[in-house]
Asker: 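Would you mind keeping the following structure in view while I ask a few things?
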Amino acid sequence: MALHSVCSEEDIPLGEKKAVKVDGEKILIFHLEDGFYATQNSCTHMAAPLSKGKVIDLERIQCPFHRARFDIRSGEVLDWANFPPGIQIFNFIRSEKALKTYKVTRQEGNLMVEV
Ligand code: FES
């Protein structure tokens, strides 16, 4: 594990997100009310870029492909793929899987991610 500086706090306004690449890993940084959080950027369903998804209620990220929803702070699945109707028939090969999360710390206005 090593700390990597990824961007300035000011680069991510409240409710926004930013995709970064650290050590070959694609990571998505979020600015929520109580601070900054990071998850993997690829959806665990079929690898859609969550950076193109929607932050809901400052706590969930919705995948742009099949609308799986994940808790940003824990990475837990809240709703699995459910769009378009019928996508659930593939759930036996794509079962629910949480997002990997990363610790984000602030240092003099910069955001550091532990990878
Ligand atoms: S790729 Fe994200 S829900 Fe299917």
Side-chain angles (χ1 to χ4, degrees):
M1 291 271 190
L3 269 184
H4 300 265
S5 173
V6 287
C7 63
S8 154
E9 285 183 42
E10 288 158 13
D11 293 341
I12 316 177
L14 181 64
E16 298 294 319
K17 52 191 169 11
K18 181 179 174 66
V20 297
K21 205 167 178 186
V22 179
D23 255 4
E25 291 194 42
K26 292 177 184 169
I27 296 175
L28 193 54
I29 318 276
F30 298 88
H31 187 178
L32 304 184
E33 268 170 342
D34 59 346
F36 293 87
Y37 293 84
T39 67
Q40 67 183 74
N41 191 13
S42 301
C43 180
T44 50
H45 182 238
M46 290 184 182
L50 294 174
S51 50
K52 303 238 185 292
K54 200 161 66 173
V55 174
I56 300 171
D57 295 338
L58 284 176
E59 61 180 21
R60 286 166 276 162
I61 175 73
Q62 175 175 284
C63 177
F65 280 16
H66 314 109
R67 300 184 189 172
R69 289 179 179 172
F70 301 90
D71 182 303
I72 292 168
R73 293 178 179 88
S74 67
E76 266 175 56
V77 176
L78 299 172
D79 295 295
W80 197 227
N82 57 56
F83 182 85
I87 188 83
Q88 293 93 335
I89 61 171
F90 296 107
N91 284 356
F92 71 97
I93 43 170
R94 298 277 181 190
S95 56
E96 291 188 16
K97 187 176 175 200
L99 296 175
K100 191 170 172 189
T101 58
Y102 303 84
K103 190 168 177 210
V104 181
T105 51
R106 302 180 198 193
Q107 269 181 25
E108 294 165 7
N110 287 319
L111 298 179
M112 316 287 291
V113 176
E114 206 173 301
V115 176

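None of the values given here were measured: they were computed from a predicted structure. Start at 1 and go down the list; that is how both ligands and their atoms are numbered.
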Asker: Between Y102 and L111, is there a shared hydrophobic cluster once you connect ILVMFWY residues whose side-chain heavy atoms come closer than 4.5 Å?
Answerer: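 Y102 clusters together with L111.
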Asker: Which atoms of ligand 1 have any heavy atom of A68 under 4.0 Å away?
Answerer: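 With A68 as reference, the close atoms of ligand 1 come out as 3 (S).
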Asker: Which atom names give the shortest non-hydrogen contact between I12 and H31, and what distance separates them?
Answerer: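 Distance-wise, the nearest heavy atoms are O-ND1, 2.7 Å.
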Asker: Checking only N/O/S atoms, does C63 have one that is under 2.8 Å from atom 4 (Fe) of ligand 1?
Answerer: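 Not a single backbone or side-chain N, O or S atom of C63 is under 2.8 Å from atom 4 (Fe) of ligand 1.
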Asker: Which of the numbered atoms in ligand 1 are under 4.0 angstrom from any heavy atom belonging to A48?
Answerer: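 Once the distances to A48 are compared, the set is 1 (S).
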Asker: Shortest non-hydrogen contact from E33 to L14?
Answerer: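 Looking at all heavy atoms of both residues, the shortest contact is N-CD1, 3.6 Å.
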Asker: Using a 4.0 Å cutoff against the non-hydrogen atoms of H45, which atoms of ligand 1 qualify?
Answerer: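 Near H45, the atoms of ligand 1 are 1 (S), 2 (Fe), 3 (S), 4 (Fe).
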Asker: Report the residue from L50, L28, V55 that forms a side-chain contact (heavy atoms from CB on, under 4.5 Å) with I72.
Answerer: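 By the side-chain contact (heavy atoms from CB on, under 4.5 Å) criterion, I72 pairs with just one of L50, L28, V55: V55.
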Asker: Just how far is it from atom CD of Q62 to atom NZ of K54, taken to the nearest 0.5 Å?
Answerer: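 It is 5.0 Å, given to the nearest 0.5 Å.
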Asker: Starting at CZ of R73, measure out to CD of E59 and round the result to the nearest 0.5 Å.
Answerer: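 So the CZ of R73 and the CD of E59 are separated by 6.5 Å.
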Asker: Is the distance between atom 2 (Fe) of ligand 1 and the nearest N/O/S atom of C43 smaller than 2.8 Å?
Answerer: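 Checking C43: at least one N, O or S atom is under 2.8 Å.
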Asker: Relative to the heavy atoms of M46, which atoms of ligand 1 are at a distance of less than 4.0 Å?
Answerer: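 It comes down to these atoms of ligand 1: 1 (S).
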Asker: Which N/O/S atom belongs to H66 and is the closest one to atom 4 (Fe) of ligand 1?
Answerer: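 Distance check against atom 4 (Fe) of ligand 1 picks out ND1 in H66.
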